[in-house]
*Asks:* 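Dropping a structure here in structure tokens format, bear with me for questions.
Everything quoted here is computed from the prediction, not taken from an experiment.
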Amino acid sequence: MSGGRAPLRLPRLMARRLAGAVGTLFTASALLFLAAEVLPGDAAAASLGGGADAGQIARMRAELGLDRPLVLRYLDWVGSALDGDLGTSTVSHRPVGELVTDPLLDTLLLVVLSVLVTVAVATSVGVLAGLRPGSALDRLLSAGAVALVSIPQFVTASVLVLVFASALGVLPAVSLVPLGGSPLDDPAALVLPVAALSLFSAAWASRMVRASVVEAGRSPHVESARLAGLPEHRVVFRHLLPTTIGPCLQAFAWLTGALVGGTAVVERVFNYPGLSAPLVSAVVNHDTAVLEGIGLLLSGAVVVSLLLADLLDLVADPHGSVAR
């Protein structure tokens, strides 16, 4: 395909990616709604508390609309969500949006900081290892990355607490936030949660970056640049590294989505005031409105991160994207 036609097809490819993301989000919302409905327990009974008889539960089910067909309830929920209304908690009787706004912002803060650390560390380690494949430095960095990936995050978090909080006493073991405050009010409380998330993700991403750098280093245009006698730093920065942008963006975007969905364990270990607390409470109390609302927000964040990676990949390499 000629170079002139690729930019003309770029908007069409972007529209196709956007349509796919919307379809994925609707599919995720349907599965989420169905999963919340089949959880053990009854939202009406949870709303009334203990001691309610069958007649009271039946009236509450009618009041909450739980006696209506599942498909109609799903369509109503999706329609309300599109208008920005995630429903009302059946336990606290407060709007779901009001309940999850502050925890969502705190979780996003944790994710953003972890992504920034991950990108910086993974890019540095992956490039250093990939430029010298098979060297002692490559073997050392690769072994360290494999070891970190093999350790569950809750174990990493626990070790960080034992070392930096219990043994050395230089960082707090829990992320206590004053009432009405923000985690940024005490930046030291963010260090261990961010480190626990970033160590695993940076180790995984560095392997992806290394593989991309090694593959790019063997590509014909890089070898031609070296044969032409260009200085190595020009070969690396002008010919090799730009080739790795697309694959690395994909890896970092996938990790962003994984971090959004995987913060719950780390938040619980450090008592961090994110979405994990209302999420666990919603599961225990069968508060389906809160559970579905949080699930939809997390699904949306994952889908948006992957969509952004696709769009950036299209812009960075429109010719390769058209060929694909």
Side-chain angles (χ1 to χ4, degrees), residues 17 110-153 156 160 191 193-226 230-263 266 301-321 323-324:
R17 298 289 197 278
L110 187 61
V111 170
V112 168
L113 292 175
S114 300
V115 168
L116 293 176
V117 173
T118 294
V119 170
V121 174
T123 301
S124 302
V125 172
V127 170
L128 283 175
L131 289 177
R132 301 170 180 82
S135 65
L137 178 63
D138 176 32
R139 292 195 296 272
L140 177 64
L141 293 176
S142 297
V146 171
L148 286 173
V149 169
S150 304
I151 301 174
Q153 282 184 317
T156 302
L160 290 174
V191 174
V194 169
L197 285 170
S198 302
L199 283 173
F200 173 86
S201 57
W204 185 90
S206 69
R207 301 295 298 158
M208 301 299 103
V209 174
R210 178 196 176 278
S212 296
V213 171
V214 171
E215 182 179 356
R218 296 168 179 166
S219 61
H221 74 280
V222 172
E223 292 181 353
S224 298
R226 286 190 172 120
L230 293 178
E232 183 64 17
H233 70 275
R234 289 190 62 187
V235 173
V236 170
F237 287 102
R238 296 193 60 179
H239 298 277
L240 191 155
L241 291 183
T243 308
T244 68
I245 291 176
C248 290
L249 282 174
Q250 293 284 345
F252 289 133
W254 185 91
L255 271 176
T256 300
L259 284 171
V260 170
T263 55
V266 171
V302 172
V303 170
V304 168
S305 68
L306 295 177
L307 173 63
L308 182 60
D310 274 344
L311 297 182
L312 290 174
D313 188 23
L314 288 174
V315 173
D317 187 15
H319 302 286
S321 301
R324 291 193 294 271

*Asks:* Looking only at heavy atoms, which two atoms of F252 and V209 are closest? And how far apart?
*Replies:*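 That closest heavy-atom pairing would be CZ-CG2, 4.0 Å.
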*Asks:* Check L255 against A205 and note the closest heavy-atom contact, atom names and distance.
*Replies:* CD1-CB, 3.2 Å
*Asks:* Provide the closest heavy-atom pair for V125 versus S206 in the form atom of the first, atom of the second, distance.
*Replies:* CG1-CB, 4.0 Å
*Asks:* May I have the step-by-step check of side chain to side chain contact (heavy atoms under 4.5 Å, CB included) for L148 and F200, ending in yes or no?
*Replies:* CA-CA 6 Å; L148 286 173; F200 173 86; over 6 Å; no
*Asks:* What do the steps show when you test V213 against L131 for side chain to side chain contact (heavy atoms under 4.5 Å, CB included), and what is the final call?
*Replies:* CA-CA 7 Å; V213 171; L131 289 177; 3.9 Å; yes
*Asks:* Would you say R238 has more than 12 foreign heavy atoms packed within less than 6.0 Å of its CZ?
*Replies:*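 Counting neighbours around CZ of R238, 12 or fewer heavy atoms of other residues, nucleotides or ligands fall under 6.0 Å, so no.
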*Asks:* Verify side chain to side chain contact (heavy atoms under 4.5 Å, CB included) between V222 and V235, making sure each step is shown before the conclusion.
*Replies:* CA-CA 7 Å; V222 172; V235 173; 3.8 Å; yes
*Asks:* At what distance, to the nearest 0.5 angstrom, does CG of L140 lie from CG of L128?
*Replies:* 11.5 Å
*Asks:* For residues S212 and T244, report the shortest heavy-atom separation together with the two atoms involved.
*Replies:* O-CG2, 3.5 Å
*Asks:* Report the C-alpha separation of L141 and R132 in whole Å, then their side-chain angles, then the decisive distance to 0.1 Å, and conclude whether the side chain to side chain contact (heavy atoms under 4.5 Å, CB included) test is met.
*Replies:* CA-CA 11 Å; L141 293 176; R132 301 170 180 82; over 6 Å; no
*Asks:* Under the salt bridge (Lys or Arg N to Asp or Glu O under 4.0 Å) definition, can you give me all pairs with a residue in residues 195-219, not counting sequence neighbours?
*Replies:* D138-R210
*Asks:* Taking all non-hydrogen atoms of both residues into account, name the closest pair between G130 and V214 and its distance.
*Replies:* O-CG2, 3.6 Å
*Asks:* For T118, which residues count as a side chain to side chain donor-acceptor pair (under 3.5 Å) partner, sequence neighbours excluded?
*Replies:*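 Expected list: S201.
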*Asks:* Nearest 0.5 Å, what's the OG1-CD1 distance between T156 and I151?
*Replies:*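 CD1 of I151 is found 5.0 Å from OG1 of T156.
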*Asks:* Considering residues at least two apart in sequence or located in another chain, which fulfil the side chain to side chain donor-acceptor pair (under 3.5 Å) criterion with S219?
*Replies:*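 If we apply the side chain to side chain donor-acceptor pair (under 3.5 Å) test to S219, skipping adjacent residues, the hits are H221.
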*Asks:* As an exercise, state the distance from CG of L307 to CZ of R17, rounded to the nearest 0.5 Å.
*Replies:*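 If I round to the nearest 0.5 Å, the distance is 9.5 Å.
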